[in-house]
Number of protein chains: 2
Amino acid sequence: MVLTEKHKELIERIGVFHEHKGMQPLVGRIIGLLLVHDEGEVSFDEIVEQLGVSKSAVSNALTFLQAKGRCVYSTRPGDRKRYFALKVSDWKEDFTKELENIAEIQKFIDEVLEVRTDKTPEFNCRMRDFSNFLDFFKKEIPALFERFKKQQA
Amino acid sequence: MVLTEKHKELIERIGVFHEHKGMQPLVGRIIGLLLVHDEGEVSFDEIVEQLGVSKSAVSNALTFLQAKGRCVYSTRPGDRKRYFALKVSDWKEDFTKELENIAEIQKFIDEVLEVRTDKTPEFNCRMRDFSNFLDFFKKEIPALFERFKKQQA
DNA sequence: CTGTTAGTTCTGCAAATACAGAACTAAAAA
DNA sequence: TTTTTAGTTCTGTATTTGCAGAACTAACAG
């Protein structure tokens, strides 16, 4: 597949977006490439060529993406190459994980509340409020997907 | 205020948590200190002493936190020191921002769908599904807070 | 057995990060 | 006016990051 300027520019922006989420630059670019690539599956070599980076960098980035469960590869009979693709299948799972990750702050809030004295009742009250909300939020996640399903039909 | 080992250890863990979110180490530690500190407000000097870091590092970190709107300082009559505190007041706003930030991926998903051919209908379909969900999700955020309010009462 | 393909692991380095320490600034105190 | 206080900005540096390139490995091909 030949990438147009538009493709390349979009890949870069998707890369930067993922960099901001803490991923290393190339990892974000690879996600971008796998997203815009027509065939869905992209060979190791093609990633190297399209992004103009070294094999070692691609190898490490793909190992990372696979470890994170964001990417898989398949093979074809009579072809030793690996074809990589994103696991868009379980976006619900991924999204849930991200939401739960945000809510992880609750664990700390609760620990903080345990060590705090009652010198600052308003502060403590707000924190407890926030903790209660996070509790509520986590429980609401499944319901969220259900409401979406209903609304779809 | 004298910090116990428990306090210090909790500050470190809160620091690491924020590092994973892309903040620089000291910024995370300062958030931790402001969270566990009894008085709620902590002077510049005390931050320097409690965390054992340089004034310059603290100055930069606090400038960053204030720019991000996560921290404010107040002053006291006849006292030139600045007392820093977290802005826990608007956790709803902060949380909303974080959720919207997650949903920002939708912008890219939609752009990706525009440049993709229909060679991979299933992939495209899943992406469209995800985009629709993100749409739904963003609209649901205010309702989420409302349901929490109701449940509280 | 030798060569080739496809990818991995190791080594090194250029650039970015995160901080220390010193010099500096602005305002209040003496 | 000089000094002190409280914090900022500048300069240098140790550490970490992100990648390139080379050496290596495993499997198949000739």
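Throughout, a chain's letter reflects where its sequence line sits, starting with A, and its residues are numbered from 1.
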Strictly below 4.0 Å: does B:Gln24 bring a side-chain N or O up to OP1 or OP2 of C:dT17? no
Just checking, any donor-acceptor pair under 3.5 angstrom between side chains of B:Gln50 and B:Lys8? no
Would you mind telling me which of D:dG21, D:dG7, C:dG7 lies closest to the side-chain atoms of B:Phe44? D:dG7
Per the atom types in the model, does the base of C:dG21 pair as donor or acceptor with the side chain of B:Ser56 at under 3.5 Å? yes
In whole angstrom, what separates A:Asp79's CG from C:dT5's P? 13 Å
Round to a whole Å and report the spacing from CZ of B:Phe64 to P of D:dT9. 16 Å
Nearest-Å distance, CG (B:Leu62) to C1' (D:dA6)? 13 Å
Closer to the 5' end of DNA chain C via nearest nucleotide, is it A:Lys81 or B:Ala57? A:Lys81
Gap between atoms CD and C1', on A:Glu49 and C:dT5 respectively (whole Å): 14 Å
Could a donor-acceptor pair under 3.5 angstrom be found where the side chain of A:Arg80 meets the base of D:dA27? yes
Please determine if A:Arg76 and A:Glu41 form a salt bridge, counting it only when a charged side-chain N lies under 4.0 Å from a carboxylate O. yes
Across the strands shown, which category fits B:Val58 at heavy-atom distances under 4.0 angstrom: base, sugar-phosphate, nothing? nothing
Tell me if the CD atom of B:Glu122 is crowded by more than 12 foreign heavy atoms within 6.0 Å. no
Spacing between A:Met23 atom CE and D:dT17 atom P, to the nearest angstrom: 16 Å
Is A:Lys81 paired with A:Glu46 through a side-chain N to carboxylate O contact shorter than 4.0 Å? no
Between B:Asn60 (CG) and C:dA20 (C1'), how many Å, whole number? 11 Å
Rounded distance (Å) that lies between atom C1' of D:dA26 and atom NZ of A:Lys55: 13 Å
Inspect the contact between B:Glu39 and A:Arg116 and indicate whether a charged nitrogen and a carboxylate oxygen are less than 4.0 angstrom apart. no
Under 4.0 angstrom between B:Arg82 side-chain N/O and D:dT8 OP1 or OP2: yes
Between atom CD1 in B:Ile30 and atom C1' in C:dA18, what is the gap in whole Å? 12 Å
